Amino acid sequence: MESNEIRKRFLKFFEKRGHKIIPSASLVPENDPSVLFNIAGMQPLMPHLLGLKHPQGKRLANSQKCVRTIDLEEVGDSTHLTFFEMLGNWSLGDYFKEDAIKWSYEFLTKKDEGLGLDVSRLYVTVFGGSEAVVRDLESVEIWKALGIPEHRIYFKSSKSNWWSAGTNSPAGPSTEMFYDLTGSLGDMNQEQFEKAEDEQKVVEIWNDVFMAYKQEDGKVAGELPNKNVDTGAGLERVTTVAQGKKSIYETDIFAPVMNMIKENSQNYDERSARIIADHLRSSIFLISDGVIPGNKDQGYVLRRLIRRAVFKIDQIGLDSGFIKKILEIFVDKYKTQYSNILQNDKITEQVIFDEESKFRKTLKEGLKEFEKGIDPFILATTYGFPIELTAELAHELGKEIDLEDFHKKMAEHQRLSQTASAGMFKGGLANHNKKTIRLHTAHHLLLAGLQTVIGPEIKQRGSNITEERLRIDFLCDHKLTDEEKKKVENWVNEKIKRGLDVVRKEMPLEEAKRIGAEMEFGAKYADMVSVYFIQDKEGNIFSKEFCGGPHVSNTKELSKFKIQKEEAVAQGIRRIKAVLL
Ligand code: SER
């Protein structure tokens, strides 16, 4: 069964059980500057897990695009990826443990509407209890009733079977499902099971979280208004087991690219090939969601991914002309499910090629610097060398580098550069503070101002808001003149002064499209959307945008708007940074 079919089956399975299918949110969280990327399907749903009513109801399911950089070191083994899709179903105060577990089990094992996996290769773990929450005996009983023998159910501690998305987050105990990749493990005691997990002979394929608690500062701080369910199954892992493979890279998702790399490399190395495939696939998704290589935040992650891929390509003796082919294969794979991948394919290529050539230029200079003496920090900050590159170069000379020192210096560097990341990890959703909200409304006005002054062809391609400033990336074929910038600034300031109302309306997607509400280039939306209008008392509308909010209620609250910087970030894409004074 192909991965595209598995995704389809999953969504159909839950749709049949009363779930509304919602589109994947962008990889870059909207309105949540506490994290760089969505790391799980529950992340964009956080406000709803905390109690806010969801417009689509209490049962939801989707396939969410995720990026986890924490696993970067593990990328290249058989189960970890930078970008992955997470299949998930949610109950917002509706069904709980019994149905959640039963449906996970049915989807995994049923032949007609699920994956038809072999029950004798399945193992499960449940929450073993903590000071705050008791051991989850209820889930054990549910698993047993479904036919999982007791000796294949293992209790695990909070470390692995308690889930939260950070220190301040909805949270809860989980039960996880594992599958035997080898087909020969049979019954195992807990110790044997844990060893098999370490050796990647069994792999976690699904996690059902019973999100009924609120976590504050990393501690359980009471119950949530609702008992929720949050489940997550990595599509790539599920595909691996459904296709009877031993590694993610052998599935239909990666095999064509892996084969191509293998056939065309002079010094083929499996791990490097996997890293190349993973990093380029991740880059496609990141760029399509508006990320551009840069020196901090999301841009820095993307830069590292592209540069490391290029470095590995050189290392295994693959002609870099193959990058284009690799991109084409992946775009083809995802074009139906994620239309923005196809819409952005030329931009994606351009961004990757630009970054490749920048890297090759600095590589030459960096290598000279390297010969003078190895300082990974200087190589990273001045020449953009991925730390892995410096490490490998040093290794070839029989030298080791001090990673701890490097990370310490980098952290300090980030702190001092007073970048967005300085304000980034402060408060999570709490960061919906007044400053961010004001900038968010200013962002809408700025886009409308650009379209009025320059033309309706201006389209937003990405955005990022911190407490200090807003940033917008947009499609535009020229550098803005001083006069254009001034006009845009004046337009926005005039709207601020007029004290316009900011009004939210919920409407069907079709209606929002019909009235021409601004949508992000290539983004996907649910059937019901919310649109923010900025309008005067007579009903004249100056801005209408698809947006989840929040916003100020009147533009008067913004005081004064100022453009700080306008620059190119890639061919045909400009970036503005602006502040409110
Ligand atoms: N949030 C949980 C996870 O990411 C289940 O979706 O594993």
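Fair warning: this is a prediction, and the values are worked out from it, not measured in the lab. Whatever order the structure lists them in is the order used to number ligands and atoms, beginning at 1.
The protein heavy atom nearest to atom 1 (N) of ligand 1 is Asp230 OD2, 2.7 Å.
Within 6.0 Å of atom CD in Glu270, more than 12 heavy atoms from other residues, nucleotides or ligands are found, so the atom counts as buried in its surroundings. Residue-environment remark: CD (Glu404) stays at or below the threshold of 12 foreign heavy atoms within 6.0 Å.
A salt bridge (charged side-chain N to carboxylate O under 4.0 Å, His left out) with Lys333 is found for exactly one of Glu85, Glu236, Glu2, namely Glu2.
Every atom of ligand 1 with a heavy atom of Gly232 under 4.0 Å away is listed here by number and element: 5 (C), 6 (O). Ligand 1 places these atoms under 4.0 Å from at least one heavy atom of Arg68: 4 (O). For ligand 1, the atoms closer than 4.0 angstrom to any heavy atom of Asn207 are 2 (C), 3 (C), 5 (C), 7 (O). Counting the atoms of ligand 1 from 1 in the order shown, those under 4.0 Å from a heavy atom of Val209 are 2 (C), 5 (C). Close contacts of ligand 1 with Ala40, meaning ligand atoms under 4.0 Å from a residue heavy atom, involve 4 (O). Heavy-atom contacts of Thr231 reach the following atoms of ligand 1: 5 (C), 6 (O) (cutoff under 4.0 Å). Within ligand 1, counting atoms from 1 as listed, the ones closer than 4.0 Å to a heavy atom of Met42 are 1 (N).
The side-chain heavy atoms of Leu115 and Ile6, taken from C-beta on, include a pair separated by under 4.5 Å.
Of all heavy-atom pairs between Met211 and Pro170, the closest is CE-O, 3.8 Å.
The residues Glu194 and Lys156 are annotated as salt-bridged, a charged nitrogen and a carboxylate oxygen being separated by less than 4.0 angstrom.
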